[in-house]
Structures are given as C-alpha cells and as structure tokens.
There are 2 protein chains.
Amino acid sequence: MRKLKAPDVVIRRLALYLRILQQIDDEEGGRFISSKELGDRAGVNSAQVRKDLALFGEFGKQGVGYEIGYLREELRAILNANRTINVAIVGVGELGIALARYNLRRFTREKHYPFRLVAAFDNDPAKVGRKIEKTVEIFPISQLPERLPELRIDILIITVPADAAQAVVDLAVKAGVRAILNFAPTKLFVPPKVRLHYSDVSLELQQLAYYLES
Amino acid sequence: MRKLKAPDVVIRRLALYLRILQQIDDEEGGRFISSKELGDRAGVNSAQVRKDLALFGEFGKQGVGYEIGYLREELRAILNANRTINVAIVGVGELGIALARYNLRRFTREKHYPFRLVAAFDNDPAKVGRKIEKTVEIFPISQLPERLPELRIDILIITVPADAAQAVVDLAVKAGVRAILNFAPTKLFVPPKVRLHYSDVSLELQQLAYYLES
DNA sequence: TAGATTGTTAATCGATTAACAATC
DNA sequence: TAGATTGTTAATCGATTAACAATC
C-alpha cells in the first residue's frame with residue numbers, strides 16, 4: 001500500500017534519516033530528536049522531515065520530538081533494512097571488485113548493514129569459478145536465470161561495459177529481477193515493475209565541470 | 001552569466017544530451033536530430049529538451065531540428081567539455097584505485113574524454129610516493145594545499161573513510177578547491193561557492209531495498 | 001507550397017515551506 | 001501550567017508538459 005504514495009525523493013531522504021539516526025545512536029545515545037535537529041543534520045527543512053515521516057505514520061510526540069531508537073526501528077522496517085538484502089554484481093572488473101570488497105567489508109564490520117553480497121557474474125573464463133575474497137563465487141553470466149531465484153538475489157549491481165549492459169539487464173529481467181543499480185554509463189530500458197537506479201561517475205564529473213570558470 | 005539561471009537538473013540533462021550526441025556522431029553520423037528523438041533517447045519530454053537548450057541559445061532550425069555536430073560543440077563549450085579538466089583523487093583505497101584506473105583508461109581510449117587524473121593523495125606511508133598505473137603519483141594529504149594550485153586541480157574526488165572526509169574537504173576548501181565529488185557515505189559542509197556532489201552507493205541500495213516485497 | 005519542428009507562452013503538476021491548532 | 005514541537009492544512013515555489021504561432 002505504501003508503495004503507492006511516497007515519491008522517490010522522499011524514500012531517498014528516509015534512507016538518509018535512518019543513516020543519521022544510526023550514527024547518533026551509536027555515538028551519542030540521546031533519547032529524543034526534534035524534526036528541526038534531524039533536518040539540520042540531513043540538510044532539509046524541519047517541515048519536510050515531519051511531512052516525509054507523516055506519510056508512513058505518527059512517530060513523534062508533540063513538544064518532545066521523536067524517540068530515536070523507536071524511529072530508527074520504524075524506518076528500518078519501512079525501508080526493509082531489518083532483513084538481509086541479497087546483492088549480486090555483474091561484471092567483475094576493477095569497479096565490480098572494488099564495490100564487492102567494499103560491500104563485504106561493511107557487512108562484516110557493521111552490525112546493522114543489511115546488504116550481503118551473494119554472487120558475482122562475468123563472462124571471462126579466467127574469472128569464472130574463482131572467488132572474490134575467498135567467499136563470493138564468480139558465475140558465468142549465462143547462469144543468471146538459474147542463480148537469481150536460487151540465491152534469492154534482491155538487487156543486481158551492473159558494472160559491465162556500457163555496450164554489454166542492456167543484454168545483461170534483459171536476461172535479468174526475464175529471470176524476474178526486481179531492482180537494479182547500474183554503473184554502466186548508458187541508459188537502460190526495463191519494464192515499469194523493475195526498479196532501476198543509476199550511478200554515473202562521468203556524468204557527475206561532467207556536471208561539476210560546468211560550474212568551473214571557463 | 002549563465003551560472004545564474006540554469007537549475008542543476010538542467011545541467012545534468014545537458015550532460016546526458018551531450019553523451020547521446022557523441023554516441024550518435026561516433027556510430028551513425030546523421031546530420032540532424034529533432035527534440036523528439038533526442039528526448040526519446042534521453043528519456044525526457046521533447047518540450048523539455050527544447051526548453052533546456054533555449055536557456056543557452058537558439059541552436060535549432062524550425063521544421064528541421066538540430067544539426068548534430070553543431071549542437072554537440074555548443075554543448076561541449078557550455079559544459080566545459082572542450083578543455084581538459086584536471087581531476088585528483090583523495091583516498092587510495094579499493095574504490096579510489098578503481099576510479100583512478102577507470103578514469104585513466106577512458107582518457108587514453110576516448111578521443112573526447114575531458115577528465116585527466118593528475119594526482120592522488122593518501123596518508124598511508126606505504127602508498128605515498130608510489131604511482132597508480134605508473135603515471136599518477138600519490139602525495140600525502142598534507143600536501144593538498146600546495147598541489148591543488150600547482151597541478152591546477154579542477155575537481156577533487158573524495159574516497160576516504162566517512163570519518164576522515166570533512167577534514168580533507170576543509171583542507172581542500174582552504175586551498176581554493178571549486179568542485180568536489182564525494183563518495184564517502186556522509187554529509188559534508190562546504191561554503192556556497194564550492195560545488196559539492198554526492199555519489200553514495202549504500203544510500204542507493206537502501207533506496208532500492210524499499211521497493212522490494214517486504 | 002505543405003509538412004515538420006522550433007522557440008516560447010500558458011497550463012498543469014508536484015514538491016517545498018510556512019503557519020498554526022492540537023497536545024505532550 | 002508554560003514552552004516546545006508535532007501533524008497537517010494552506011501558501012508558495014519551481015519544474016514539467018501542452019499548445020501554438022513562427023518559420024525552415
């Protein structure tokens with residue numbers, strides 16, 4: 001039901017609020033936080049904090065604010081951060097390996113990090129069959145259709161070259177993938193029910209370049 | 001002057017249009033493109049394409065469309081993609097190295113790729129003095145203030161751990177940095193004249209997780 | 001010329017912020 | 001109680017889309 005109403009930008013901010021609450025809890029252990037303070041830390045207006053939260057329920061007390069531990073758990077539930085999310089990477093190049101290790105390290109070290117890397121895929125015969133950090137097996141991309149349901153992969157990270165990305169995505173969509181994070185610098189096409197986000201470093205750089213003195 | 005009027009989201013789309021035009025030019029070599037077709041390829045409305053471009057001039061011909069080579073050069077000029085942009089990376093961990101190599105490779109292989117990696121910075125004595133791919137020297141972070149002007153660094157990429165990022169940024173700001181791309185999963189504070197963009201993988205994953213079935 | 005497409009104005013849509021009664 | 005802060009409605013702001021005269 002909630003999927004119907006909340007805009008994407010609100011979900012992004014909820015994820016940010018959650019991160020902030022987890023940091024506060026770890027470091028300070030204070031009990032209540034006002035929308036003003038949470039907003040300041042997140043860089044948004046306090047009215048926006050209250051409005052974002054109000055889309056999902058009433059979590060605060062007038063005159064007091066939000067109980068930090070309670071709000072944190074509510075946000076974890078809303079964002080599915082209270083269960084393990086299985087992630088796989090397609091494309092075991094430099095970036096793929098860097099992201100894999102980054103993810104493995106955070107999963108090992110942080111008690112609440114929900115993203116577990118369960119597999120990697122690549123077409124290079126020299127890579128297939130090997131493991132990343134002795135734990136994550138590398139499968140051929142052709143095995144995506146079987147492995148996706150078998151390993152209960154929730155999110156697929158795409159780090160193959162741009163000209164290979166659409167074919168990978170087509171295969172994954174046919175196998176029923178629901179969420180994709182694409183690092184390839186190209187637009188991809190998926191059916192509406194599949195969630196697709198982009199992370200595009202060279203587009204970011206190009207955007208920043210605009211603001212330099214010419 | 002142009003810095004005054006164009007919203008951030010327009011600049012992002014201009015960078016996308018430019019990428020598309022460069023691809024078309026490389027592959028097909030057609031002469032004109034309509035706002036309809038460019039919009040379809042970019043995933044935006046044709047009126048939006050025309051409005052975005054109209055902020056910077058009149059680049060099209062009624063009844064015909066936009067001459068591809070001409071529009072491409074105009075966009076390259078607007079976005080500063082027609083000159084070399086010097087980039088440096090602070091934080092030579094997995095991600096930093098992956099981004100460095102990725103950038104070096106594209107600079108070598110693509111004739112119009114404007115981003116050149118000129119330096120890296122890290123505090124690990126085992127890394128300082130070594131080079132990435134035999135070309136990019138690693139300096140201690142303490143040398144940021146001298147190297148920034150000396151190497152004419154335009155954009156700084158931050159890949160240090162979250163708890164070290166603000167100190168790095170403070171140092172860079174004092175040394176006059178103008179644009180920063182931050183990969184550390186934390187909010188950073190900079191004066192308004194400094195342009196700061198974020199690339200936050202775990203926030204993206206958390207956002208995607210929301211859309212999964214609970 | 002007739003058809004197509006631009007540049008731009010007007011209409012719509014959605015998101016952000018201000019304001020305030022309710023209430024802890 | 002008095003002060004503070006929520007949840008929510010109303011006002012504002014800005015971005016997107018539709019429409020169309022101008023014109024290639």
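Below, chain A is the first sequence line, B the second, and so on; all start at residue 1.
With hydrogens and angles left out, the side-chain atoms of R116(B) and N86(B) include a donor and acceptor closer than 3.5 Å. Side-chain contact check for N80(B) and Y211(A): no donor-acceptor pair (N or O, by modelled atom type) lies under 3.5 Å.
The environment of CZ in R152(A) is sparse: at most 12 heavy-atom neighbours from other residues, nucleotides or ligands sit within 6.0 Å.
With respect to R13(A) and D8(A), no salt bridge is recorded, no charged nitrogen being found less than 4.0 Å from a carboxylate O. Between R19(A) and D200(B) there is a salt bridge, with a side-chain nitrogen of the basic residue lying less than 4.0 Å from a carboxylate oxygen of the acidic one.
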Watson-Crick and G-U pairing of DNA chain D, under 3.5 Å, as dot-bracket with | and [ ]: ..||||||||||||||||||||||
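Running 5' to 3' along DNA chain D, contacts with non-hydrogen atoms of chain B at under 4.0 Å begin and end at dA15(D) to dC24(D).
The salt bridge (charged side-chain N to carboxylate O under 4.0 Å, His left out) pairs that include a residue from residues 165-183 of chain A are D154(A)-R178(A), where partners are two or more places apart or lie in different chains. Here salt bridge (charged side-chain N to carboxylate O under 4.0 Å, His left out) pairs that include residues 70-81 of chain A, with residues two or more places apart or in two chains, are D25(A)-R72(A), E73(A)-R76(A). Screening residues 183-192 of chain B for side-chain hydrogen bond (donor to acceptor under 3.5 Å, both in side chains) gives no qualifying pairs among residues at least two apart or on separate chains.
Residue-to-nucleotide proximity on DNA chain C shows that, of V10(A) and K61(A), the 5′-proximal contact is made by V10(A).
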Derivation and outcome, side chain to side chain donor-acceptor pair (under 3.5 Å), residues S35(B) and R50(B): CA-CA 6 Å; S35(B) 59; R50(B) 295 196 299 277; 3.0 Å; yes
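Nearest heavy atoms, L148(B) versus G176(B): CD2-C, 4.0 Å.
Within the 4.0 angstrom heavy-atom criterion, no nucleotide atom of any strand lies near F32(A).
Within residues 44-52 of chain B, the residues that place at least one heavy atom under 4.0 Å from DNA chain C are, in residue-number order, R50(B), K51(B).
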